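Please read the structure below before turning to the comments.
This structure is a prediction, so every number in the text was calculated from the model and none was measured.
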Amino acid sequence: MPAPDTALLLFLLSHVLLARAAFPLVDFDRMGKVGLAGDFAGFDFFSNSSLAFDPASSSLFSRSSDGSLSRIASTNSGGRINAACDLDGLAYFAGSFSSLADISSSNIASYDPSSNSFSSLSSTSPNGEILSLFCDQQGKKVWAGGSFTSPASAVAVWDPNAQSWNPPPFHGFSGAQSRVSSITTNSSETSIFFAGSFLTAFGSGSLNVTNNPNVPSSIGATPFSSSLVPVPLKDTDIQGSPSTDDAGFTNIQNIICPAGPDGPGNSWFSIDNGKPLINIRTFSFISAAGLRLGNTFQPNHGTTAFSITTIPDNTVRTLTYTDPATGQNQTCSDSCPLSTDSSILYQDFLFESTVSITGVQVKLSAFTGSGPGLHILQLLSSGAFASAVDGDNGQSCFAPNPSNTTRMGNWVAKVADTGIAGTTQTVLVSNVDVGTSPDSGPSFTWIPYVSAAGNYDIHILIPGCTDFQDCDSRTSVKVTVFPGENIAPSVTTISQQNTDDTSALLYSGPIVPSGPNFVTTITMTLADQPQGSGSGGQYEIVADRIELVLKSASFSNSSSTPGALQGLQRGFGFFEWPRGAATISSTLDASQILPNTSLTTLDGISTQLYTALGSTNVLNNVNITAVAYHPSGTIFLGGNFKLSSGSASGASHIVMYKNGALAALAGNGLDGAVSALLVDQNRLIVGGEFSDTAANTTSGRLRSIAAYEIEQNKWTALGAGISGRVTGLSSNNGLVQAVGSFSSVDGNDVSGIAVWNSNANTWTSSGGFIMGDMSFIANGTSQQWLAGNVVAYRKFGASGITMLQNGDDNGPRVDPVQVALSRQPVAANASTPNNRRAYNSRSAQITRQSLHQVFGRQSNAALPALPSASAPAVLAGVFWTNSTSSTEIAIFGGNFTHDMGSGIIVSGVLLYDLESNSTSGLTGPQVNGVVHTFLLDGNRLYVGGQFTIPDTNANGFAIYDLTKQQWDLDSLQPLQVSGSESVIVRSVTKSSSQPNKIVVAGTFAKAGSLTCEAVCVYDTSDSQWNAPGAGISGQVSAVAYAGSNQEYLVVGGSLAFENNKFTSVAEFNMANLTWTTLGSGSDLPGPVVALEVNDGNRSSIFVAGRASDGSNSFLSFWNGAKWSTLGSNFGSNTAVSQLTMVPLQDTHTAQGVIEPDRMLMISGALVDPSYGNASSVLFDGQTFFPYIVSTAQNGQAGSIFSLFHSFAKFSFAQHKFLATGIVILISIAISAGVVFLLALIGILWTLFSRRDDKVKYEPSEEEDDDSTQLRPSSLLEHINAATRTTILGTSPFSNYTAEKEEKSIRGDDHDPFGPDASNYLRAETPSEAVGGLLPEENSRMAHVRYDFVPDGEGELPLQAGTEVEILDDKDHAWWYARDLRTGREGIVPAAYLY
């Protein structure tokens, strides 16, 4: 037999597994309106909570219309999801990942919501990060934009019908960062807009597209790779080992630039059966794009597979190549194939991107014949290059001449150690006196050899001053690029004061290849306004290397004469593609020079941007990340930029294009980068990482999100903004959603997603809770999509308050209250909402008294700490029906403040209209502290807690008149404590047996001058305090009532009596005013923090608390004679806040202590080793069912403080009735039988009366017959009553006679405004709303609108404001009901109920 602890653990584990399999269905509707309050930002039901997250991966969620979240999938670790869109029932998700939902997929995947399945989009999907998606509903295509080169540069198109990827009709983009960050459309969807970091060019004529004629052609290369100038390797260290001894094939140098065809002296062999390594070391850093390999086809030799490792990073590279057999792009890594087709001279293998290396190692891993060999081995540059050191400008293979330099002034070599063994860095430097003009100072010109025309990025490498120890003398230089004939030069000012090695972009655009008539030159001089003060009266300028990175190539097999390029206009970051352009011309290529005839009106955006951005070097960091189109035709562009000239000069990070020109927004834009734009009617919502306008006109109030009023040309703050970066914006149901990397919103702890209510002009709850760095949000067909690196999530989100209703088998229906509660304390000198300011000067944590302060004179056990209630937290709630407007209001209390806008801040108590979802506060001074409990008595709200109210003597207890909207404190004597302790009221209640007595319980010693410790009674009839009985002291944490009329008060806590008798639970008899302890002080291991009396049964009481030594928590049961411990396994850090009995929709197996139609709901911050953390657990007497889990704003486990409901009393009994159709059939059958019997009696009577022929017929007798006839309607009512008697066993209509029927329809007695079924609203009758046969129906609760005094037998008296249980509502005018207070049953007028 297992040890007791082990047996208990196995017992609980088995029951937890059972709990997961059979989720209890709580009948919330039987309790009326139900609210859940606590310290949480998100919650879910336990069956939905078992999810683990890897913060390094990107998790994908769907968001429903109510804001609730559902996790769908995650990427591989390190993956990222950036964009989504829906097309024809499928959702497409894209970013940078290799798998999604464990489906191997490169950067993009499709999702079918109907089957919850993912699919990859072929092996030829974009080979780099996708930043934007656009689902073209007209063309039925998916457009992808990002940073990739295949299947096209920066843009690719997915055809769902053909299941294939294709380049866009305009072939893609090049230049700058070759990135597309946004794809959008206009309102008419006639054009598609592309934005990002790329260059466009428009002009007439053509460039010289002649490539180097010495480069032999090969189908193993592409026009692009053929245009890359090989790195000169003549003077580098090249070793091939082990090498053959065969004559003519031993020298590895022969294959670098073979002088002839494959054969001796031009090829190299390894030893037979060898797997050689070929090492190429340059001893200085070079930029390389790939490798060119040509196989040897000599007898019995050839290579079939290889791999490449770069030096010094020792990385095995992934290579891209063209398969000569299929012409398709392929990738390989540790085993790349080399063709053995002798018609293929060489193959080009490119790295994924240009790399900076000092060498490569080539491993020949497979071969044909006796051993491997090669004919050609060349290291390909990124395009072209030129070094300031002449020795590094060797002549490249196939090149007619090497790169070259010219210089003016005195230039000397300077060498630095790179920190890499055997590697040095050599540059040229020139010293110039401070004050020298650029024309009089030194100059340096690079003349790179350019093999082919194309679009290039030109970079200048600037060595760091730290390695060269010359930081003090560094300054800035001016660099001029001459790219080609008829192309304007580019002038850029570059700082050389960088401490580490760096590079700067000088130019991005078309370059003319080197030829007899023109060569590209890059000239460097001293800047017009040099930076720094120099050293020793001199500046030092440094010349290193120039790199040309080929972005796209123009290629022709035949030579051509250079054409005249006229009217060249260059653009940046924006491109409009009219849908009709594809039918106009299929030769347009946006990566090359577009003809002027293809210019659209909106292409003026890009050309004006290019001019306004100034020098080309800014293109390194400039990016247009978002575009928004307003119906007026205005286009807004946001990103990371600053314009230095033109019509919008000075505009920062956001600009608009209006009336054919760029224009600045108010304040010259923003002071930080913009990531997202959203048009919301005549407002533009802007998200990013900023705090103010560029001109600092808003005092720093535009924190990462702002609204630009388009018509008024002004900025508006959205509350207190967001602390962090906003990455995405969306809108749904009139709400604006913002996602990003932030930790607070409007001063509240909010992470990942925030929601702005534009109509209410305030931040509100998101509906779901997520904690992490979110990358995007987008609207789908029927839901929203969002993704990010998530740490924690819950399906539902709310600021500590939500509403619950019956749902389906998956759980209750949840309606989170969309109110943002704040933790921020406001000014201590509080004023009223009428004066547009409230306050809360309390700290964010509920205070506790120490052991010796509170219990040193009473007992050795203090009350255990309640669950954490860090602000914002809701601890209590109540429902109130406003008799004036008939609207139902939920009132919340706790530790919070709420900004209602327009400077109105309420604290501690908040009123929430359940119909309009609007909020209001208590008029007058606000609660300064924490509200623990409420009692609603008519229109008077009794408030208990740990607080004061300015300008009043209220201390922990106050009364508010909801009708008069003012505090009612004039005659209220305050509660007091001894010494420096604080008054804490934890319970305010009243008994139905004494409706004028308000029982207040908690921690206090006096009420006014009356000694009244722990429990005190406030008499509403005379506004006086009274002590209940005598002799009790200590602290009370919980109160409940027992008895059929609540004549017994049961209190729990840490209590003592005059005879030094300590106890945790005591009972007060309200009839004879005596206290009785329940059990002895040692029966329970410690003080009680929560208790519940099971449906008023004195012999069924549940309590929870913690052992006096703090070692563990306990749950115990009182059966009327003794206490017994129930088998909970709660840990010592468990904190229980409430026990409450809840009704069930179904039943459970009877467990002795709890009836089958109910369960005990245990709430708080619960910890159990078998299921971890929970906020609510259901207990059926034997099994614990984890029910609700919650998470606080900081990502830690949350807690639930109370479940509250609108019905003060409700029945647990599950009444079952026959369906309406069955009742009707039975009634018809009975009626037919009665009618047949009456007819038979009539016939028999007639026969007997006529049996005597002496009887004569006299017409006058019929006329004089004044016998009373029973009206058919009354007869049917009696039949109906008889039917009810048969089915229900009672006679609800026994008093409903013909006389009453006649009276009810007489005109002289009828009140047209009296209560009847025509002019009063009443609760819906299910039998009216549903036709046909119904399943068995349950009883339900209803409120009494008016008093009703019976005037006949069987009728039930009603009292306005009470609740009754409806047992039968089939009749239109009269219902059968039970008074829960008395248990009596009878018929009542339906119009009197609602």
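Using a 4.5 Å heavy-atom threshold, the side chains of Asn895 and Val931 count as separate. By the 4.5 Å heavy-atom criterion applied to side chains, Pro1143 and Met31 are counted as neighbours. Counting heavy atoms from C-beta outward, Glu1047 and Tyr1041 have side chains that stay 4.5 Å or more apart. The closest side-chain heavy-atom distance from Val1000 to Trp1025 is below 4.5 Å. A 4.5 Å side-chain heavy-atom check between Ile1188 and Phe46 finds every atom pair outside the cut-off. Tyr1018 has its side chain within reach of Leu972: a pair of non-hydrogen atoms, C-beta onward, lies under 4.5 Å apart. Side-chain atoms of Glu1092 and Ile1101, non-hydrogen and from C-beta on, never get closer than 4.5 Å to each other.
In this structure, Asn1119 contributes its side chain and Lys1122 its backbone to a donor-acceptor pair below 3.5 Å. Judged purely by atom type and a 3.5 angstrom limit, Gln994 has no side-chain atom pairing as donor or acceptor with the backbone of Lys990. A side-chain donor-acceptor contact under 3.5 Å links Ser991 to the backbone of Gln1046. With Asp1083 contributing its side chain and Ser1080 its backbone, the two residues share a donor-acceptor pair below 3.5 Å. Judged by distance alone, with hydrogens and angles left aside, the side-chain atoms of His1148 form no donor-acceptor pair with the main-chain N or O of Pro24 at under 3.5 Å. Thr897 places no side-chain N or O within 3.5 Å of a backbone atom of Val906 that could act as its donor or acceptor partner. Looking at Ser1037, its side chain does come within 3.5 Å of a backbone N or O of Val1088 through a donor-acceptor pair. Gln926 places a side-chain N or O within donor-acceptor distance of the main-chain N or O of Ser907, the cut-off being under 3.5 Å.
Between Phe879 and Phe1204, a ring centre-to-centre spacing shorter than 6.0 Å is recorded. Centroid-to-centroid, the aromatic rings of Tyr1187 and Phe45 come within less than 6.0 Å. In this structure, Trp1123 has its ring center at least 6.0 angstrom away from the ring center of Phe1102. The six-membered or imidazole ring of His1205 lies near that of Phe1210, with a centre-to-centre distance under 6.0 Å.
In the displayed structure, Lys33 atom NZ is contacted under 6.0 Å by at most 12 heavy atoms of other residues, nucleotides or ligands.
Taking all atoms of both residues into account, the shortest heavy-atom contact from Thr1011 to Ala1027 is O-CB, 4.0 Å.
Geometrically, Arg940 does not engage Tyr960 in a cation-pi contact, judged by NZ or CZ lying under 6.0 Å from the ring centre and within 45° of the ring axis. A cation-pi contact, defined as under 6.0 Å to the ring centre and within 45° of the axis, is absent between Arg794 and Phe43.
Phe1179 and Phe1184 have parallel rings, their planes meeting at less than 30° on a 0 to 90° scale where 60° marks the start of perpendicular.
A donor and an acceptor atom, one from each side chain of Gln1193 and Asp39, are nowhere located under 3.5 Å apart.
Comment: Lys1006 does not engage Glu1013 in a salt bridge, judged by the lack of any side-chain N to carboxylate O separation of less than 4.0 angstrom.
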- Query: Yes or no on ring pair (Phe, Tyr, Trp, His ring centres under 6.0 Å) for Trp880 and Phe934, after CA distance, side-chain angles and deciding distance?
  - Reply: CA-CA 11 Å; Trp880 170 61; Phe934 285 134; over 10 Å; no
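Checked against side chain to side chain donor-acceptor pair (under 3.5 Å), Ser1124 has no partners two or more places apart in sequence or in another chain.
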